[in-house]
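To start, the structure under review is shown below, and the notes come after it.
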Amino acid sequence: MRTLADRLIGIFISLRLTVILLAFAILLVFIGTLAQVDEGLYNAQARYFRQWLIFGLDLFGRKIPIILPGGYLIGTLMLANLIAAHIYRFQLSAKKIGIQLIHAGVIILLVGQLATDMLSHETQMRFTEGETKSYSESPRNYELIFSSDDGANSEQVVSIPEKLLARGGEMKIDNLPFTIRVKKFWKNSEPSFRAPMMQNGPPLTTNGIAVSFDFRPLAETKTMDDKNVPTALIEIIGVNGSLGDWMISGWASDEAMIRALQLNYSQQMGTQMAENITSHLTAPQFVSADGKLFKFTLRPTRIYHPFSLTLLQATHSVYPGTDIPKDFRSRVRLQNLQTGENREVEIYMNSPLRYAGLTFYQYQMDAGEATQQTGRAPSSVLQVVRNPGWITPYLGCILVAAGLVTQFMFHLIGFISKRKTK
Amino acid sequence: MKLSLFLIRQSSRGGLCLLLCSGLFSGCGRNDVKVYHVAKEELPSAPPNVMAAPDQSSMTQPAQPQLRWTLPSGWQEKTLGQMRVASFGVTNANGQTADVGVIPLPATGQEVQLVNMWREQMKLPAATNAETETVVIAEAQGKLFDIASAEPLIDGKFRARILVAMLTSGGTSWFFKMTGEDSFVASQKATFVQFLKSIRFAETATIPPGSAPAVQSDNGKSIWTVPPGWQEAPPAQFLFAKFVIANASGTAAVNISTLAGEGGGLLANANRWRGQLGLPPITQEDEFSKMVSSMDVAHGKAQIVDFTGTDSKSGKPARLIGVVVPQDGQTWFYKLMGDEPVVEQQKDAFMKFIQSANYANAR
């Protein structure tokens with residue numbers, strides 16, 4: 001009589017499981033691809049691929065009540081199936097070496113993909129000429145930060161991810177002498193300037209940026225071209241009661257969005273007025289508690305690096321007599337105080353900077369003649385990618401290819417020698 | 001076979017571990033509150049002979065008076081850094097250099113901390129009392145800190161010196177800082193003190209530091225001909241310009257703002273103005289049209305309303321003349337409001353002022 005363990009082993013090593021899992025994987029890719037139309041790339045990835053189980057589908061405007069295995073479950077089971085079969089059928093013979101190599105390659109591909117998904121991240125470094133940055137920012141996620149002078153030459157930063165704010169309710173954080181109550185949270189929002197000559201309603205709060213700006217919720221955007229800019233109404237409660245209500249918004253600290261807003265206002269009212277208006281949106285907000293001053297803002301999530309980059313020159317050249325871009329190029333100075341490194345690097349198309357486990361690609365640029373004419377300072381955006389598993393697809397593919405060639409050669413040599421003996 | 005079974009058991013355990021690990025990975029780290037310490041911005045990038053003040057660039061207030069000064073000979077203006085409102089370089093014949101910067105920060109009263117931060121930059125131990133000298137800054141009394149390093153900090157060869165003058169005014173602490181090689185900065189001290197004396201604050205608040213006053217275009221061309229007796233004042237939030245009039249008869253103010261399109265329309269704005277005088281809003285268009293007069297202005301007609309009531313802020317009787325000028329897809333709002341005798345006296349000057357506008361210079 002077979003034990004439960006034997007049965008389980010039987011299932012895990014069976015080819016039937018492989019076929020079923022492959023069928024589910026095909027189905028998932030099909031559903032995930034269709035879902036991108038309505039839900040956008042990131043939402044579809046999160047809902048179908050970065051999931052263990054999928055509860056219900058939304059396709060073509062209809063809800064389908066069904067439970068399906070998600071990308072994580074299919075991938076993990078495939079890996080378990082492959083490893084189990086590999087070990088169970090393992091034979092140390094020259095004849096099988098091709099098969100072993102192919103299996104090893106596929107295992108590396110699966111594990112590498114999982115590692116990439118879990119460990120990689122993409123951020124952006126945005127700077128104008130002459131500006132130095134030692135951090136990069138998330139293009140999609142925001143954080144509420146409270147920074148305070150810690151007495152030395154540095155400041156203490158307490159970072160609360162946007163996802164915690166979205167949950168609402170009260171938060172008591174060890175390093176802050178107050179409680180934060182999230183009264184409203186909008187995943188996506190829009191600011192509007194409280195012009196004195198317009199019929200304004202009462203402000204959302206009477207502190208900080210809310211005096212000059214109203215915010216309203218917007219539907220969550222799902223396209224790749226737009227981004228969700230969150231806004232929240234928070235109350236800060238000290239030991240002796242409420243310290244006040246404040247609006248916090250990604251619009252107040254996201255350089256890309258501020259730039260877009262300023263451009264919009266300057267088209268309506270001129271550059272000077274636009275600068276004046278946006279300065280009221282970006283004015284820092286402070287709260288004083290326990291004898292300390294805390295500056296707070298909702299900003300794109302930052303990742304600090306132990307080195308800094310200074311944008312020396314942003315070049316956007318075009319083919320003579322046309323507007324066709326010829327070259328986007330950022331000349332940066334890399335400074336690392338820990339290692340004493342101080343050198344200039346050029347980053348351009350297909351020539352990224354690889355440094356400290358990160359890859360800096362040229363991503364966006366606002367430079368060249370058109371920028372000069374509008375009086376804007378030339379600026380550049382680098383995409384900063386960290387992917388510790390970047391080598392695995394190459395390694396996996398090499399192993400699979402080597403395995404296929406070996407397997408084929410064995411059969412070919414065997415076939416030829418058989419023919420010769422005949 | 002037993003070995004295979006053992007391996008399978010091990011591997012299924014491994015698979016389970018992997019599954020659990022990946023579950024844990026996906027669940028942790030991304031949604032946690034983090035606490036970390038970072039250098040104040042700009043400091044890491046500052047070259048060793050430029051000691052930046054505590055960068056709290058984000059703490060810079062949006063509304064600052066404009067700064068004026070007499071540039072000492074040998075000083076050269078430099079491009080402004082992120083938080084500086086003025087920046088200079090000084091070089092002597094021997095190639096010695098010093099850097100001068102003016103930085104406004106919200107007044108925090110943490111003077112000793114700041115001094116200790118500069119002492120730390122000079123590799124000096126912290127002090128409990130800040131030694132100061134008195135200097136004149138913009139006709140007011142300010143403090144001067146003179147801190148010199150004991151060891152060679154510049155290129156490992158020269159000692160460094162930092163002169164910081166501080167003036168707290170209207171919730172803002174102004175820092176005037178000279179840094180450079182010890183002997184050179186010491187030789188420039190008298191010039192630096194003279195420079196501090198020459199500082200003047202021009203009250204043009206809400207305009208970002210460095211930009212031109214609102215009544216002038218970027219190239220300095222005037223938009224209006226300002227009548228005598230009108231004093232330009234810092235415009236309140238979102239006003240384009242403001243003037244105050246004060247004489248023996250009382251006081252009044254002229255507010256000017258502009259907005260794209262119709263800016264809410266004449267009736268809505270007239271009702272807003274009526275609200276400021278404690279008057280009830282007008283709902284009937286016919287009734288309202290009787291209250292509106294018009295005046296010729298360049299490229300069109302301006303509409304005028306004239307109301308008398310009680311200033312809702314001061315509780316005193318007041319008169320308000322509002323003029324709305326549509327201009328190239330924009331609407332300009334002019335408001336003369338104040339004591340009735342002053343408004344009556346200034347009415348003609350106000351209208352001429354509006355007619356004198358050259359909106360091309362406002363861009």
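Note on naming: letters A, B, ... go to the chains in the order of the sequence lines (proteins, then strands), and numbering restarts at 1 for each one.
Neither the backbone nor the side chain of Glu162(A) comes within less than 4.5 Å of any heavy atom of chain B.
The distance from the OG atom of Ser148(A) to the NE2 atom of His37(B) is 8.5 Å, given to the nearest 0.5 Å. To the nearest 0.5 Å, atoms NZ (Lys34(B)) and CG (Asn175(A)) are separated by 14.5 Å. Going from atom CD of Glu155(A) over to atom OH of Tyr36(B) covers 9.5 Å, rounded to the nearest 0.5 Å.
In this structure, the side chains of Leu164(A) and Val33(B) come closer than 4.5 Å at one or more pairs of heavy atoms.
With sequence neighbours left out, the side chain to side chain donor-acceptor pair (under 3.5 Å) criterion links Thr128(A) to Glu131(A).
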